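In what follows, a structure is listed as structure tokens, so that the remarks can point back to it.
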Amino acid sequence: MFEGIVIAGLIMGGIYSLIAVGLSLQYGVGRVLNISHGEFIMLGAFATWSLYTLLGVSPLLSLIICGPFLFFLGFLIHRTLFQYLRDKSESIGAFADSSLLASFGLLFIIQNIALLIWKADLRGYSYLNSPVSILGAIFTANRIVALFFAVSISLVFYLFLTYTRIGKAIRASAEDPITAQVMGVNIHRMLAICFGLGALMAGFAGPLISMMYEIQPTMGIEYTIIAIIVVVLGGLGSITGSLIGGFSLGLIGSIVTYFNPGLSLIAYYVIFILLLLIRPTGILGK
Amino acid sequence: MLILEGRKVTKYFGGLAALNQVDFEINQGEVVGLIGPNGAGKTTLFNLVSGFLPITSGEIRYKGKKINGLNPHQICWNGVARTFQSIKLFGGMTVFENVVSASLFGSKRAISLLEAEREAMELLEFVGLSLVKKSLAKDLPIAFQKRLEVARALATRPDLLMFDEVMAGLNPVEVSQAMELVIKIRNKGITIFMIEHVMKAIMEVCDRIIVLHHGSKIAEGRPEEVANSPKVIEVYLGK
Amino acid sequence: MKCLNVITKRPFTVVGILLILILLALLPLYTKPYPVISLTNILMYIILTVSWVIFSGPTHYISLASAAFFGVGIYTSALLGKTLPLPAVVISGGLASFLLAILIGLLTLRLRGMYFIIFTFSVSELIRHFLLWWETNMTGTVGRWVVMVSHTTVYHIILTIFVVTMLIAYIIRRSRFGLALRCIGEQEEAAIHIGINATMVKTLTFAISATFMGAVGAIMATRWTYIDPRIAFDPHISFMPVLMAIFGGTLHPYGPVLGAAIFAYLEEILTTKFPYYYMLLFGTILIVVILFLPQGLFGLIQKWWKGGSGQENANP
């Protein structure tokens with residue numbers, strides 16, 4: 001039982017970490033609280049569903065398709081919409097407000113488009129559905145695969161941030177945009193790249209989620225909220241914090257679900273509210 | 001008579017001591033300077049006195065009454081006012097509105113709008129801003145913005161006025177004008193506690209100077225004493 | 001008092017407003033039910049938006065808790081509707097929301113910016129999910145029935161709430177309280193240093209704005225007759241006032257009214273004729289307004305009106 005809870009927690013945690021890292025990049029560097037983040041996840045999930053049910057494309061292949069596609073979409077949206085707002089805003093506070101509202105607009109638009117294309121019904125498909133036994137607990141193979149990919153992607157991304165030049169430039173931009181510019185970082189491109197990377201994470205999370213659960217065009221907001229909770233839990237601006245926070249929240253959710261399935265989201269909200277009141281900077285925050 | 005005193009004032013941010021067991025006294029009517037290298041804890045001290053930050057340990061007394069633990073608006077009502085290092089004007093409001101607000105809210109008294117407006121006009125003339133009273137605060141040049149901060153602080157009818165680098169960013173002419181204003185305010189009977197980096201101003205205007213470094217008081221005394229103190233010279237010029 | 005000054009200085013405006021109000025009040029007598037019901041809906045949105053602006057306008061604290069206050073009003077109606085007369089129910093709804101807002105305010109008004117926005121949204125959602133879980137698991141029945149009331153009565157009560165809301169919004173805006181709010185919104189740190197008790201001012205204003213949301217929720221419940229947590233605490237109710245206020249323009253007092261009226265009317269048309277496109281349209285309008293009309297629709301109108309001459313009167 002215990003192993004089952006832990007593994008289930010890790011599976012969810014893996015997804016939570018991915019989407020939280022995505023949001024963290026968009027907020028930490030670009031200062032955009034992208035409330036439409038969940039909609040990108042939803043797009044990734046539905047694109048995967050369509051590709052699989054219409055063309056038989058494996059969801060794992062969709063990872064490579066949706067990820068980059070959503071990256072470019074995010075990059076473009078930032079370059080046009082958010083960059084324009086940034087240039088026009090009088091202060092960082094004003095930009096934070098207007099970018100939040102603009103991302104609201106995006107939420108409405110993207111969700112409506114999805115509703116038009118795929119209608120409001122629940123969709124699902126079965127892929128790698130055979131049961132697998134891990135440490136005595138039984139899971140469908142797709143969940144284990146999802147866990148594997150979520151963890152791998154997070155790991156690769158972490159290494160990317162720590163050891164590559166672009167990764168270091170990203171971290172520098174997050175910590176000190178002005179100095180980063182002085183050091184030669186093209187900050188406009190960097191901001192758009194970071195926003196795109198956030199969408200990339202959504203593009204990875206979407207297919208993985210669609211493998212495990214049924215999906216609906218309205219699924220986005222719940223994931224956005226969870227991403228926000230994890231980001232605040234881990235500490236705004238800390239990528240590592242988002243990773244740790246994601247797995248932590250996943251474990252908590254798994255434990256709560258074991259006792260009472262309907263309460264996990266409520267538990268997240270309660271934790272979140274307590275967090276904001278007691279320690280808004282989060283576990284690893286500055 | 002002591003108007004402000006601090007005993008073993010200590011402030012920690014996490015594990016870092018921004019201020020460490022600082023004692024200080026300010027007498028009524030004095031002009032006291034507070035100097036020290038960047039990061040010495042000067043603005044932190046002001047933030048503790050004004051109630052904006054909670055004190056970690058120690059005591060601050062204003063006219064004999066303990067004020068650490070009070071809210072900033074209460075401390076303001078008691079008669080302590082301040083200006084800010086980074087200008088914090090009500091940018092979207094006019095010069096006049098900035099000062100009227102302070103007249104209305106700055107003291108615990110019943111005052112009509114008309115009276116507040118009258119007081120505000122007097123203060124604007126006092127600091128020399130009456131001609132720009134309808135301009136938006138954010139549109140003013142820096143020297144005027146600094147004067148507006150002063151006028152706004154004065155509108156709260158303080159007995160102690162704390163200037164946080166009120167001369168920063170001013171050219172020499174503007175610095176002289178600012179110094180004149182400081183003296184005018186002192187002549188009205190208001191005690192002045194000022195953080196400043198412009199040495200000329202400090203030397204000429206202050207009765208006493210307190211020197212902070214890394215959160216501790218390292219020197220105190222008349223301007224000439226402090227200027228010649230080897231410790232102070234080392235801190236500013238050495239290493 | 002200042003109000004008397006207004007009456008003597010601008011008698012035509014006051015008379016004009018009174019005439020319009022009388023016409024509106026008598027509306028049910030000379031039209032079919034549909035316009036009355038439609039106007040009830042529009043007034044609901046106007047009240048929500050105007051009350052939202054009472055707090056969030058000057059302070060720039062974007063609250064997404066409107067659904068919580070509206071929902072509390074709805075549930076008050078459901079719980080008390082059979083035992084109390086209608087006006088008392090409406091007032092109770094307002095009062096319950098007032099108290100909830102005081103509680104939330106005292107807890108959160110130390111939070112700024114993003115944190116405040118997210119917190120208010122979370123509280124709203126927490127209440128919704130919790131009530132849903134409670135009704136599903138604890139009481140066994142989800143949803144409640146509310147005493148039904150004639151649409152004319154609903155209309156008149158909402159009209160009354162509308163008048164009261166506009167009056168209070170006006171009084172606050174013109175008073176020292178309103179000035180304190182503006183100072184807080186401009187530069188909160190400086191505001192508290194010039195003697196403004198920001199915590200009290202913010203909390204009280206937040207609570208006042210919540211009161212009207214609660215009152216309007218209490219009366220709208222009687223229109224819908226069946227309510228459950230998903231309907232009562234729909235996040236839609238939190239997002240719409242923000243959208244409408246921004247669309248209309250938050251700087252001018254009539255901005256929210258205009259924004260809400262247009263949006264509410266649009267929503268009605270769109271949900272009947274193009275139900276599948278209205279989110280798309282709203283989202284696009286929102287982005288367009290944010291990009292090109294920062295002062296909202298009213299700001300645009302003001303620019304045309306003034307045509308470049310003279311100063312902007314920020315405080316009419």
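Keep in mind that what you see is a predicted model, and the values were worked out from it rather than measured. Protein chains get the first letters and strands the later ones, always in sequence-line order, with residue 1 at the start of each.
- The interface of residues 83-95 of chain B with chain C, defined by heavy-atom distances below 4.5 Å, comprises B/Phe84, B/Lys88, B/Leu89, B/Phe90, B/Gly91, B/Gly92, B/Met93.
- When every heavy atom of B/Ser101 is checked against every heavy atom of C/Cys183, the shortest pair comes out as OG-SG, 3.6 Å.
- Heavy-atom proximity under 4.5 angstrom to chain C picks out B/Ser50, B/Phe52, B/Pro72 from residues 33-72 of chain B.
- At most 12 heavy atoms of other shown residues, nucleotides or ligands fall within 6.0 angstrom of atom OH in B/Tyr12.
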| request: Quick one: do B/Ile111 and C/Arg176 satisfy side chain to side chain contact (heavy atoms under 4.5 Å, CB included)? Show the steps, please. | output: CA-CA 11 Å; B/Ile111 176 177; C/Arg176 284 180 208 200; 4.1 Å; yes
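- Proximity to chain C is absent for every atom of B/Ala81, based on heavy atoms less than 4.5 angstrom apart.
- Identified by a heavy-atom distance below 4.5 Å to chain C, the contributing residues of residues 144-166 of chain B are B/Arg152, B/Thr156, in residue-number order.
- At most 12 non-hydrogen atoms from other residues, nucleotides or ligands lie less than 6.0 angstrom from OH of C/Tyr254.
- More than 12 heavy atoms of other residues, nucleotides or ligands sit less than 6.0 Å from atom NZ of B/Lys184.
- Rounded to the nearest 0.5 Å, atoms CD1 (C/Ile194) and CZ (B/Phe105) are 7.0 Å apart.
- Taken from NE2 in B/His73 to CG in C/Asn197, the straight-line distance is 3.5 Å, to the nearest 0.5 Å.
- Interface residues of residues 114-131 of chain B toward chain C, defined by a heavy-atom distance below 4.5 Å: none.
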